[in-house]
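Any value given below was found using the heavy atoms of this structure, including those in side chains, with hydrogens, waters and symmetry copies removed. Only a predicted model underlies this, so the values are computations on that prediction, with no experimental measurement involved.
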Amino acid sequence: MTKERDNQTPPASARAEAARQKMLSAALDVFGRYGFDGASTRQLTEAAGVNLQAIPYYFGSKEGLYIAAAEYLMTQIDTHISGMRMRIGTHLMALDRAGEPLDEMQARLFLTEILQTMVTLFVAKESESWARFLIREQMEPTEAFQRVYQGMMRPMIEMGRRLIGAILGEDPASEHVRLRAFNLIGSILVFRFARAAVLAQMEWDTFGPKQVEILRGLAAELVDVIGPSKGGAA
C-alpha cells in the first residue's frame with residue numbers, strides 16, 4: 001500500500017521544482033503589473049499559491065526572485081527562438097570560416113523568419129506578462145535589464161544588424177544600420193505594446209490565427225522594402 005502511494009506522489013525534488021516554476025511565472029506577472037517596489041511579498045506568494053517563507057527558501061530574497069524572474073523570462077522566450085537562432089548563427093559562422101559574404105537574398109529570408117517569429121510570439125497571450133516586465137525594465141533599467149539584454153536582446157539585435165547590413169551593403173556596426181534594426185523591431189513590437197490601439201483601429205476582436213497570418217505577411221513586406229534611402233544612407 002505504501003509503495004503504491006509513493007508511486008503516485010511526485011518526489012520532493014519534483015514538487016520543489018514545480019513550486020519554483022509556479023513562483024517564477026507568477027512573479028513575472030506581478031512584477032510586470034506593479035514593479036519591483038510596488039509588488040509586495042504577500043502579493044507574490046498569493047499569486048503563486050505558496051506561503052511567505054517560499055521566497056527566502058527558494059530565492060533568498062525578493063531581489064533574488066526578481067532576478068530569477070528575468071532569467072526565467074529569457075528561458076521562456078528561448079524555447080521559441082533557440083532553434084532559429086542556432087540555425088541562422090551556424091550558417092553565419094560557416095560563412096565566416098569560409099571567408100564568404102552573406103548573400104542578400106539569404107539575408108532577406110533569415111530576417112523575414114526572425115520578424116515572423118517575433119510576430120507570432122509577441123501577439124500571443126503568453127507574452128503579455130513578458131511585455132509588462134520588459135517595458136518596466138526599459139523605462140527604469142535594473143540588473144535584470146542587463147541580464148536580459150546581454151543574454152537575449154543583444155545577440156538577436158546584432159544578428160539582425162548583420163542581416164540588414166548584408167541587404168543594404170553597409171557596415172552592420174554603422175549608426176544607420178543600427179537605427180534601421182530598431183525601426184524594424186519597433187514595427188513588430190507595436191502589435192504588443194500598442195495592442196489595444198491596433199485592435200481598435202483594425203476593428204479586430206483579438207489576434208487570432210487569421211490576424212497573425214496577416215501580420216506575418218506584413219513582416220515579410222517590411223523586409224521586402226528594405227533598401228537604401230533615395231538620398232543615400234544616413
Side-chain angles (χ1 to χ4, degrees), residues 70-71 73-75 77-78 80-123 127 130-131 133-195 197-198 214-234:
E71 294 176 342
L73 182 153
M74 286 193 290
T75 64
I77 294 178
D78 199 52
H80 296 275
I81 70 171
S82 60
M84 173 190 69
R85 183 170 64 176
M86 183 175 297
R87 181 163 39 78
I88 296 175
T90 299
H91 184 89
L92 296 178
M93 286 190 292
L95 290 177
D96 291 341
R97 286 195 298 270
E100 299 177 0
L102 175 61
D103 175 76
E104 178 189 338
M105 184 58 67
Q106 185 63 67
R108 288 185 185 275
L109 290 174
F110 282 151
L111 191 57
T112 297
E113 183 179 1
I114 290 173
L115 294 187
Q116 289 183 331
T117 300
M118 287 179 62
V119 164
T120 303
L121 181 59
F122 281 100
V123 301
S127 67
W130 308 347
F133 190 94
L134 290 171
I135 289 172
R136 285 187 176 277
E137 281 298 318
Q138 291 291 321
M139 296 174 66
E140 297 181 21
T142 69
E143 181 186 344
F145 168 75
Q146 291 300 324
R147 297 200 183 197
V148 173
Y149 176 72
Q150 294 295 339
M152 180 188 67
M153 295 175 68
R154 181 176 178 176
M156 288 304 300
I157 292 170
E158 291 181 350
M159 181 178 286
R161 281 169 42 190
R162 178 162 181 184
L163 299 176
I164 294 169
I167 294 169
L168 295 176
E170 296 182 27
D171 181 356
S174 71
E175 181 179 80
H176 181 240
V177 169
R178 283 181 283 168
L179 289 173
R180 291 293 290 266
F182 280 110
N183 180 263
L184 273 179
I185 293 168
S187 297
I188 298 302
L189 294 184
V190 68
F191 297 112
R192 163 51 68 189
F193 298 149
R195 182 185 182 91
V198 172
I214 291 172
L215 296 182
R216 285 172 62 87
L218 175 64
E221 288 181 27
L222 291 173
V223 176
D224 286 343
V225 299
I226 293 177
S229 61
K230 293 182 179 180

Colleague: Answer yes or no: does atom CD of Glu104 have more than 12 heavy-atom neighbours from other residues, nucleotides or ligands under 6.0 Å?
Modeller: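 Count over threshold, so yes.
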Colleague: Give me the atom names and distance for the closest heavy-atom approach of Leu222 to Val225.
Modeller: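 The answer is O-CG2, 3.4 Å.
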Colleague: Any ion pair linking Arg87 and Glu113 (charged N to carboxylate O, less than 4.0 Å)?
Modeller: yes
Colleague: Under a 3.5 Å distance rule, please check whether Arg108 uses its side chain to pair with a backbone N or O of Val223 as donor and acceptor.
Modeller: yes
Colleague: What closest approach, in Å, do Met74 and Val148 show between heavy atoms, and which atom pair accounts for it?
Modeller: SD-CA, 3.6 Å
Colleague: Pick out which of Gln150, Glu140, Met153, Arg136 makes a side chain to side chain contact (heavy atoms under 4.5 Å, CB included) with Phe145.
Modeller: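 Filter result, single survivor: Met153.
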Colleague: Does the pair Arg162/Glu158 count as a salt bridge with the N-to-O cut at 4.0 Å?
Modeller: no
Colleague: Report yes if the side chains of Asp171 and Val177 come closer than 4.5 Å at any heavy-atom pair, otherwise no.
Modeller: no
Colleague: Using the side-chain contact (heavy atoms from CB on, under 4.5 Å) rule, take His80 and Thr120 through it: C-alpha gap first, then chi angles, then the decisive distance, then the call.
Modeller: CA-CA 10 Å; His80 296 275; Thr120 303; over 6 Å; no
Colleague: Of the non-hydrogen atoms in Phe122 and Ser127, which two are nearest, and what is the gap between them?
Modeller: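 So the minimum-distance heavy-atom pair works out to O-OG, 3.1 Å.
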Colleague: Under 3.5 Å, side chain of Arg195 to main-chain N/O of Val123, donor-acceptor pair present?
Modeller: yes
Colleague: So which heavy atom on Ile185 is nearest to which on Met118, and how close?
Modeller: CG2-CE, 4.1 Å
Colleague: Between Ile88 and Met159, what is the shortest heavy-atom contact and its length?
Modeller: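 That closest heavy-atom pairing would be CG2-SD, 3.6 Å.
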Colleague: Considering all heavy atoms of both residues, which atom of Glu170 and which atom of Ser174 are nearest to each other, and what is their separation?
Modeller: OE1-OG, 3.9 Å
Colleague: Using the side chain to side chain contact (heavy atoms under 4.5 Å, CB included) criterion, which residues pair with Ala219? Sequence neighbours excluded.
Modeller: Leu115, Gln116, Val119, Ile188
Colleague: How far apart are the C-alpha atoms of Asp78 and Met152, what are their side-chain angles, what is the distance that settles it, and do they pass the side-chain contact (heavy atoms from CB on, under 4.5 Å) test?
Modeller: CA-CA 8 Å; Asp78 199 52; Met152 180 188 67; over 6 Å; no
Colleague: Any chance you could lay out the side-chain contact (heavy atoms from CB on, under 4.5 Å) test for Ile135 and Met139, step after step, and finish with the verdict?
Modeller: CA-CA 6 Å; Ile135 289 172; Met139 296 174 66; 4.0 Å; yes
Colleague: Going by heavy atoms in the side chains, are Phe110 and His91 under 4.5 Å from each other?
Modeller: yes
